[in-house]
Peer 1: 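Questions regarding the structure given below will be posed in turn.
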Amino acid sequence: MSPITVVEGRRLSLTNLDKVLYPGTGTTKGEVLHYCTTTAGPLLSHLRDRPLSFLRYPDGPDGQRFFTKNVPPGAPSWVKTCEVPHSTSGPTRQVLLQDLPSLVWAANLVVELHTPQWTCRAPGIADRLVFDLDPGAPATLVECCTAARWLHDRLAADGLETHAKTSGAKGLHLVVPVEPVPAERTTAYAKTLAVEAAAALPELVVHKMTKTLRPGKVFIDFSQNAAAKTTAAAYTLRARDTPTVSAPVTWDEIADCTDPQQLTFLFGEIAPRLARHGDLLAPLLDPDRAHPLPAAKPSRARATPQRSRTARDSP
């Protein structure tokens, strides 16, 4: 019989708490639920009002994995949802995780949490801009840091404030608070900067998804700004061999990175980082930190910032 727990007055049936989800560390489902509850404050703050897409992996990362945007069957009636328009299929309903009981319910399903760059209050109107920096072997997260520093400086030149987190997989996410604007505008602006970065750093960066172009380079994926796309949320666990987290990082950590392990964080490292740094992405929640996108203008190359201390083609 599954244990019943009460979370802030809501009864939840929790299943298979001893099941090993991460074979690389022996991490169990119970430990995953504990992580979600102890990190609930900052995690929920970055999920609030954003319709969720779930990557489910109930048998661990080596088992079946499937992506869903629809409300899962059997969701409790008290889990909040919102209607999300779709251009082809018509409106659908997606989950909102607004409180601790809802978060624990979702964690019991074993999910990665993915959000759009807009909220349910204004579907398709972005209040964040995102770049997903994805290294193609033998490039690593170290090379992503060099590309991230270029983008940081370029965005600053346009008056925009950039924050960084690990993807929890191989690369980095850069997130920029912006004054609300249609997602088409953020996508176009992000593409412009990705093209500029590829021109300024031709041996390091590509802006096209073509796989043959990507070995040894950093792919700057701007497409996740599209209204229909989502990105792994801050503090979410990832479906990897070990329980890695999409963790906020400082720009000093990015500048000092000479080994991918320096910016690879397991779930047990997040509480100490929060105690030391607080929520490094908290400025994203302050509307006064958002700035307008610049007016559309032709693409232009920018000067290359100082290279990192490691060679671009280091193993």
Side-chain angles (χ1 to χ4, degrees), residues 8 35-53 79-82 84 94-104 106-107 111-132 148 151-152 155-156 158-168 172-183 185-186 189-190 224-225 227 229-237 245-254 265 267 270-293:
E8 295 182 348
Y35 165 76
C36 290
T37 58
T38 56
T39 317
L43 177 53
L44 285 169
S45 69
H46 293 290
L47 300 178
R48 186 160 190 84
D49 292 338
R50 296 184 189 271
L52 268 294
S53 299
V79 171
K80 295 186 182 303
T81 64
C82 70
V84 176
Q94 291 180 225
V95 167
L96 297 173
L97 296 184
Q98 307 287 73
D99 52 31
L100 182 58
S102 300
L103 178 62
V104 174
V111 293
E112 285 185 0
L113 303 170
H114 294 248
T115 61
Q117 311 315 315
W118 45 267
T119 72
C120 62
R121 297 188 301 274
I125 304 300
D127 60 357
R128 295 179 182 178
L129 174 77
V130 66
F131 294 92
D132 182 1
L151 285 166
H152 173 276
L155 287 155
D158 277 345
L160 297 172
E161 181 180 288
T162 309
H163 304 273
K165 64 185 181 74
T166 67
S167 68
L172 285 175
H173 294 158
L174 304 185
V175 191
V176 182
V178 296
E179 292 183 359
V181 66
R185 283 272 289 117
T186 53
Y189 175 73
Q224 291 180 30
N225 292 286
K229 295 292 188 72
T230 61
T231 304
Y235 301 105
T236 189
L237 279 159
V245 173
S246 183
V249 293
T250 70
W251 285 101
D252 284 343
E253 288 176 312
I254 288 174
F265 301 104
F267 73 150
I270 301 305
R273 286 183 62 80
L274 285 167
R276 182 164 63 252
H277 298 296
D279 178 12
L280 291 168
L281 297 185
L284 294 174
L285 308 174
D286 180 357
D288 291 335
R289 304 292 284 268
H291 295 284
L293 287 183

Peer 1: Begin with the C-alpha distance, continue with both residues' side-chain angles, and end with the deciding distance and a verdict on side-chain contact (heavy atoms from CB on, under 4.5 Å) for Leu52 and Leu96.
Peer 2: CA-CA 6 Å; Leu52 268 294; Leu96 297 173; 5.6 Å; no
Peer 1: Mind checking whether His173 and Ser246 have side chains closer than 4.5 Å, heavy atoms only?
Peer 2: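 A side-chain contact under 4.5 Å exists here.
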Peer 1: So do the side chains of Val181 and Ile125 get within less than 4.5 Å of each other, counting heavy atoms only?
Peer 2: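 Heavy-atom side-chain distance check fails, nothing below 4.5 Å.
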Peer 1: Could you grab the distance from atom CD of Gln94 to atom SG of Cys82, nearest 0.5 Å is fine?
Peer 2: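 With rounding to 0.5 Å, CD (Gln94) is 6.5 Å from SG (Cys82).
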Peer 1: Considering non-hydrogen atoms only, spot the tightest contact between Val84 and Pro51 and give its length.
Peer 2: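 Heavy atoms only, the tightest pair is CG2-CB, 3.8 Å.
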Peer 1: Output the distance between atom CG (Leu129) and atom CG (Leu174), rounded to the nearest 0.5 Å.
Peer 2: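 If I round to the nearest 0.5 Å, the distance is 9.0 Å.
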Peer 1: Between Thr166 (side chain only) and Ala247 (backbone N and O only), is there a donor and an acceptor less than 3.5 Å apart?
Peer 2: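 The answer is yes, because a donor-acceptor pair under 3.5 Å joins these two groups.
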Peer 1: Supply the atom-to-atom distance Leu160 CG to Leu293 CG, rounded to the nearest 0.5 angstrom.
Peer 2: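 Between atom CG of Leu160 and atom CG of Leu293 there are 6.5 Å.
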Peer 1: To the nearest 0.5 angstrom, please state how far the NZ atom of Lys80 sits from the CG atom of Leu97.
Peer 2: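 If I round to the nearest 0.5 Å, the distance is 12.0 Å.
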Peer 1: Would you say that Lys165 contacts Leu172 through its side chain, given a criterion of any heavy-atom pair below 4.5 Å between the two side chains?
Peer 2: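 No, every pair of side-chain atoms sits at 4.5 Å or beyond.
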Peer 1: Under 3.5 Å, is there a donor-acceptor pair between the side chain of Asn225 and the main chain of Val130?
Peer 2: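 Flag set: sc Asn225 to bb Val130 pair under 3.5 Å.
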Peer 1: Nearest heavy-atom pair of Ala232 and His114: which atoms, and what distance?
Peer 2: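 In this case the closest contact between Ala232 and His114 is N-ND1, 3.4 Å.
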Peer 1: Say whether, by atom type as modelled, one donor and one acceptor occur between the side chain of Thr186 and the main chain of Arg128 under 3.5 angstrom.
Peer 2: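 Not at all, since once roles are kept as given, no pair shorter than 3.5 Å links the two residues.
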Peer 1: Flag the pair Arg50 and Asp127 as a salt bridge only when some basic side-chain nitrogen lies within less than 4.0 angstrom of an acidic carboxylate oxygen.
Peer 2: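 Asp127 and Arg50: salt-bridged.
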Peer 1: Does Ala183 offer a backbone N or O that forms a donor-acceptor pair with the side chain of Trp118 under 3.5 Å?
Peer 2: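 Here the side-chain-to-backbone pair does not exist.
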Peer 1: If you compare all heavy atoms of Ala234 against all heavy atoms of Leu43, which two are closest, and at what distance to 0.1 Å?
Peer 2: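 Heavy atoms of Ala234 and Leu43 come nearest at O-CD1, 3.3 Å.
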Peer 1: Would you tell me whether Thr231 and Gln117 have side-chain atoms, one donor and one acceptor, within less than 3.5 Å of each other?
Peer 2: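 Gln117 and Thr231 do have a side-chain donor-acceptor pair below 3.5 Å.
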Peer 1: For residues Pro283 and Leu280, report the shortest heavy-atom separation together with the two atoms involved.
Peer 2: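 Where Pro283 meets Leu280 most closely, the heavy atoms are CD-O, 3.5 Å.
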Peer 1: When you look at Val95 and Val79, which way does the side-chain contact (heavy atoms from CB on, under 4.5 Å) test go after all the steps?
Peer 2: CA-CA 7 Å; Val95 167; Val79 171; 3.9 Å; yes
Peer 1: With heavy-atom distances below 4.5 Å as the criterion, would you say the side chains of Thr115 and Leu47 are in contact?
Peer 2: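 Thr115 vs Leu47: side chains touch.
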Peer 1: Of the non-hydrogen atoms in Pro101 and Glu8, which two are nearest, and what is the gap between them?
Peer 2: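 That would be CD-OE1, 3.3 Å.
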Peer 1: Nearest 0.5 angstrom please: Thr38 OG1 to Leu274 CG, how far?
Peer 2: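 Atom-to-atom, Thr38:OG1 and Leu274:CG are 9.0 Å apart.
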Peer 1: Under the side-chain hydrogen bond (donor to acceptor under 3.5 Å, both in side chains) test, which residues partner Asp279, sequence neighbours left out?
Peer 2: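 Residues passing side-chain hydrogen bond (donor to acceptor under 3.5 Å, both in side chains) with Asp279: His46, Tyr235.
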Peer 1: Could you work out, with salt bridge (Lys or Arg N to Asp or Glu O under 4.0 Å) as the rule, every residue matching Glu179, not counting sequence neighbours?
Peer 2: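 Partners of Glu179 by the salt bridge (Lys or Arg N to Asp or Glu O under 4.0 Å) criterion come out as none, since no residue qualifies.
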Peer 1: Sequence neighbours left out, what passes side chain to side chain contact (heavy atoms under 4.5 Å, CB included) with Ala107? Give chain and number order.
Peer 2: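 With sequence neighbours excluded, Ala107 shows a side chain to side chain contact (heavy atoms under 4.5 Å, CB included) to Leu33, Cys36, given in chain and number order.
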Peer 1: Does Ser102 reach the main-chain N or O of Gln98 with its side chain, forming a donor-acceptor pair under 3.5 Å?
Peer 2: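 Checking the backbone N and O of Gln98 against the side chain of Ser102, no donor-acceptor pair under 3.5 Å is found.
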Peer 1: Is there a donor-acceptor pair closer than 3.5 Å between any side-chain N or O of Trp251 and the backbone N or O of Thr162?
Peer 2: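 Flag set: sc Trp251 to bb Thr162 pair under 3.5 Å.
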Peer 1: Mind running side-chain contact (heavy atoms from CB on, under 4.5 Å) on Leu103 and Leu44 for me, showing each step along the way?
Peer 2: CA-CA 8 Å; Leu103 178 62; Leu44 285 169; 4.1 Å; yes
Peer 1: Would a 4.5 Å heavy-atom cut-off, applied to side chains only, mark Tyr189 and Asp158 as touching?
Peer 2: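 Yes, side chains in contact.
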Peer 1: Decide side-chain contact (heavy atoms from CB on, under 4.5 Å) for His163 and Leu284; before the verdict, give the C-alpha distance in whole Å, the side-chain angles of both, and the deciding distance to 0.1 Å.
Peer 2: CA-CA 8 Å; His163 304 273; Leu284 294 174; 3.9 Å; yes
Peer 1: Can you find a pair of side-chain heavy atoms, one from Thr119 and one from Arg48, that are under 4.5 Å apart?
Peer 2: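 A side-chain contact under 4.5 Å is absent here.
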Peer 1: If you look at every heavy atom in His291 and Arg289, which pair is closest and at what distance?
Peer 2: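 That would be CD2-O, 3.2 Å.
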Peer 1: Between Thr236 and Glu112, is there a donor-acceptor pair closer than 3.5 Å when you use the side chain of the first and the backbone of the second?
Peer 2: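 Side chain of Thr236 to backbone of Glu112, a donor-acceptor pair under 3.5 Å: no, none is there.
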